[in-house]
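Written below as C-alpha cells is the structure these notes are about.
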There are 2 protein chains.
Amino acid sequence: MTEPTTQRDRRIDGRGSAEDRSDDQPGTPEGRRVVELLWAPAPQSPVRGPKPRISLPDVIAAGVAIADTEGMAALSMRKVANHLGVGVMSLYTYVPGRSELVELMIDRVYGEHALPSPELPWQQRVEQWARETWRIYDAHPWLLDYNMARLPVGPHVLDVSEALYAALLAAGFSGAENVAISNLIQWQLLGAARSMISDADEARHTGVSAEAYWDSRASFWESYFDWNRYPTMAAIWEAGGFDDPAGWDFERMLDRLLTGIEQSSAVSREPGT
Amino acid sequence: MTEPTTQRDRRIDGRGSAEDRSDDQPGTPEGRRVVELLWAPAPQSPVRGPKPRISLPDVIAAGVAIADTEGMAALSMRKVANHLGVGVMSLYTYVPGRSELVELMIDRVYGEHALPSPELPWQQRVEQWARETWRIYDAHPWLLDYNMARLPVGPHVLDVSEALYAALLAAGFSGAENVAISNLIQWQLLGAARSMISDADEARHTGVSAEAYWDSRASFWESYFDWNRYPTMAAIWEAGGFDDPAGWDFERMLDRLLTGIEQSSAVSREPGT
DNA sequence: TTCAACTCCGTACGCCGTACTGGATTAGAA
DNA sequence: TTCTAATCCAGTACGGCGTACGGAGTTGAA
C-alpha cells in the first residue's frame, strides 16, 4: 500500500478499460475496492483530512435498516444519506456505489448467523445451520430479492458456507459430492423461504396481504380456471395439498432433507450415467 | 360486460381504495385486468375507435426480444415503445404497466415448453420436463432475475405446472407429497440455472465474463483468503470439488433427483417428528 | 505558514415509470 | 350525411433514481 490513494482512486471511476491499469495489482480496480471494504482489517492509521462524521459500518447499518423496513426496492442512496443526516454524495466517500453497498449489507447480516458447534453430530449441525439461515431470511427478507447466485465473497458469507461444508464433511461427504449436497440444502431453503417469507414481506410494505393478492386474482378462479385442463392440480387442491404450506413446511422439509441425505450417505457412490 | 369500458377504466387508475368499487365483481380492478389479459379468449369484436397499429402480442414480443438480448434490468417502457415505433404512452393502451408486462412475458415464454407426452413412463416425463425448463431458462435468462415465488397465473404457466404434477402423480405421489417433490425439483433446477446460466448471461451484456469476475476478485484469493479459517473449503478446492460445476452439473443433478425420488417412492410414508 | 490529503456535498445529467390531457380516427346512431 | 362516443396515440411533465463533476471547507505534516 505504498502508492498514494487519492479520492479519484478510491471512487469507482467508471470501469476503466483493461489496458489502463499501469500497476501490476491483480484484478480490476472495482473488484479490489470491494474486497478491501469487505476484508480490510482496520480503517488504517489516522490520516490527513477532517474527521469523518460517519463511518462505513454506519452506512451499512443504515442500508440494512431501510431494507429491513421498506424492502430492497425502496433502498436508495438518497434514503440512506437522509437516514444518516448527510448529503447523498458523501456516501460515495465510503462506498463505491449502490451495488457494492448491497454486497456489504449481505455480508453484514450473514454475520448474525450463529454457527453450529463442531462438536455436535452432523445432523444437528446441519439442522441448526438451516434454522439459522431461515431465521436470517426471516429477519432480512430483502435477501430473498437478491439473486443469490453470486454471493459476495465476504468473511461472514464464507464462515457460513464453511460451516455447512464442514458439517457435511463430518457426514462423510467430500469434494464435489459435498458441494452438490450443500447446494441441495441451500436451494431448498432458499426456495421455501422465497415462497413463504417473501409473501409475508411483500404484504408488509405493499399493504397487500397474500390472501388479498389471491383475492385480487379471484376472478380467475371463478371465470377461467378449467378443471378439465388441469385435472391433477384440481385433485391436489381438493385433497388439500395446497392448503397451508404443508407440502413445503419448514420442519417437514428439514426432516425430508436429513433422512434423504442419510440414505444417500448409506447407499452412495454409484456414478451417474 | 354491460357497463361501458372507457379508457380510464382500462388503465390502471392508481390502486383505488377498497370502498370505491361499486360493482360486485370479484377481486381488485388491477387483478381483474391482468387476469383478463392472460386469459381473455379474443380481442372482443371489432370496436368503435381507430384501428390499432400494434397489438398486445406485439408488445409482449418486443418485451421478450429486449429482455433476451439486453437483460431484464434493461427492459424499459421507452425501449419497448421505440422497438415498436410508437410513443411510450401508447403502450399503456395495451398493458397496465411494466410489472404486468413482465407477467405476460413470462406466461408467453412458458408457452415454449414442449410438454411431455402422458404416455411416457413418469421418469422420462420428469426428465423431459426438466430439460425443457432448463432450455427455457437458457433461452430467456431474464426469467432467473424474477423471484419465481409468485409466478403469474397464466395458462401456459399452469400447463407447465400441471405437467409436472401429473408426472409425479403417475409416480404415485399425490396431495401434499406431490407438491413437496414438485417444489424440490423446481427449486433445484432454478438454483442450478441461476448458478450456471446467469453467470453466462451477465457476462453477455456486462462484457464481464465469469472468469473475469473471479479474476477481478483475484486480489481476495491472494491477499485475504485464510486457509486456516476455511479448512473444508480449502480441502474441497484442492480436491477439485469446485472445478467445473461438476457438483451441480445438470445431468448429474437430474440423475440424483430421479433416483432420490424413486427411493422415496419405494420407502415413503413415515411421518415427520 | 503552506499545502496536500481528505471529507463533504450542491448541482446537473440522463435514465426510469407513469399521470394527465388532448388531438386524431373511426363506427354506429340520428 | 352528420353527429357523437369510443378508442388509439402521444407530448409534456413530475418525481424518483444512480452517480459524475467540481469545488468548498478541514486537517495534519512539512
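What you are looking at is a predicted structure, and each value in this text was computed from that prediction instead of being measured. Order of the sequence lines sets the chain letters (A, B, ...), proteins ahead of strands, with each chain counted from 1.
- Checked against side-chain hydrogen bond (donor to acceptor under 3.5 Å, both in side chains), A:Arg78 has no partners two or more places apart in sequence or in another chain.
- In DNA chain D, the stems built from three or more successive Watson-Crick or G-U pairs (distances below 3.5 Å) are C:1-30 with D:1-30.
- B:Arg53 has no side-chain polar atom (N or O) that falls below the 4.0 Å cut-off from OP1 or OP2 of D:dT7.
- Atom-to-atom, CG of A:Leu56 to C1' of C:dT7 comes out at 15 Å; the value is rounded to the nearest Å.
- Using modelled atom types and a 3.5 Å distance limit, the side chains of B:His156 and B:Glu112 yield no donor-acceptor pair.
- A:Arg48 has its CZ atom 17 Å from the P atom of C:dC8, to the nearest Å.
- Of the candidate nucleotides D:dT4, C:dT7, C:dA24, C:dA24 has the atom lying nearest to any side-chain atom of B:Pro50.
- A:Ala139 meets the side chain to side chain contact (heavy atoms under 4.5 Å, CB included) test with no other residue; sequence neighbours excluded.
- Residues satisfying the side chain to side chain contact (heavy atoms under 4.5 Å, CB included) criterion with A:Pro155, sequence neighbours excluded, are A:Leu38, A:Trp39, A:Asp107, B:Arg229, B:Tyr230.
- What separates OH of B:Tyr92 from P of D:dG11 is a distance of 15 Å, to the nearest Å.
- Atom pair B:Ile66:CD1 and C:dG17:P shows a separation of 10 Å (rounding to whole Å applied).
- Every residue meeting the side-chain hydrogen bond (donor to acceptor under 3.5 Å, both in side chains) condition with B:Gln186, not counting sequence neighbours, appears here in chain and number order: B:Ser182.
- Residues passing the ring pair (Phe, Tyr, Trp, His ring centres under 6.0 Å) test with A:His113, sequence neighbours excluded: A:Trp129.
- Per the geometry, CG belonging to A:Asp58 stands 11 Å off P belonging to C:dC8, to the nearest Å.
- Applying the 4.0 Å criterion to OP1 and OP2 of C:dC8, one finds that A:Tyr94 has a side-chain N or O inside that range.
- OP1 and OP2 of C:dT7 both lie 4.0 Å or more from every side-chain N or O belonging to A:Thr93.
- Taking atom CG of B:Asn82 as the reference point, atom C1' of D:dC9 lies 15 Å away to the nearest angstrom.
- Residue B:Lys51 places none of its side-chain N or O atoms closer than 4.0 Å to OP1 or OP2 of D:dC9.
- Contact detail for B:Met77 and B:Gly97: the closest heavy-atom pair is CE-C, 4.3 Å.
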In 5'-to-3' order, the base (B), backbone-only (S) or no-contact (-) status of each nucleotide in nucleotides 10-16 of chain C, using a 4.0 angstrom heavy-atom cut-off, is BB----B
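- A search for side-chain hydrogen bond (donor to acceptor under 3.5 Å, both in side chains) contacts involving B:Arg53 returns nothing, not counting sequence neighbours.
- In this view, A:Asp58 and A:Ser55 satisfy the side-chain hydrogen bond (donor to acceptor under 3.5 Å, both in side chains) rule, not counting sequence neighbours.
- Going from atom CD1 of B:Ile54 over to atom P of D:dC8 covers 10 Å, rounded to whole Å.
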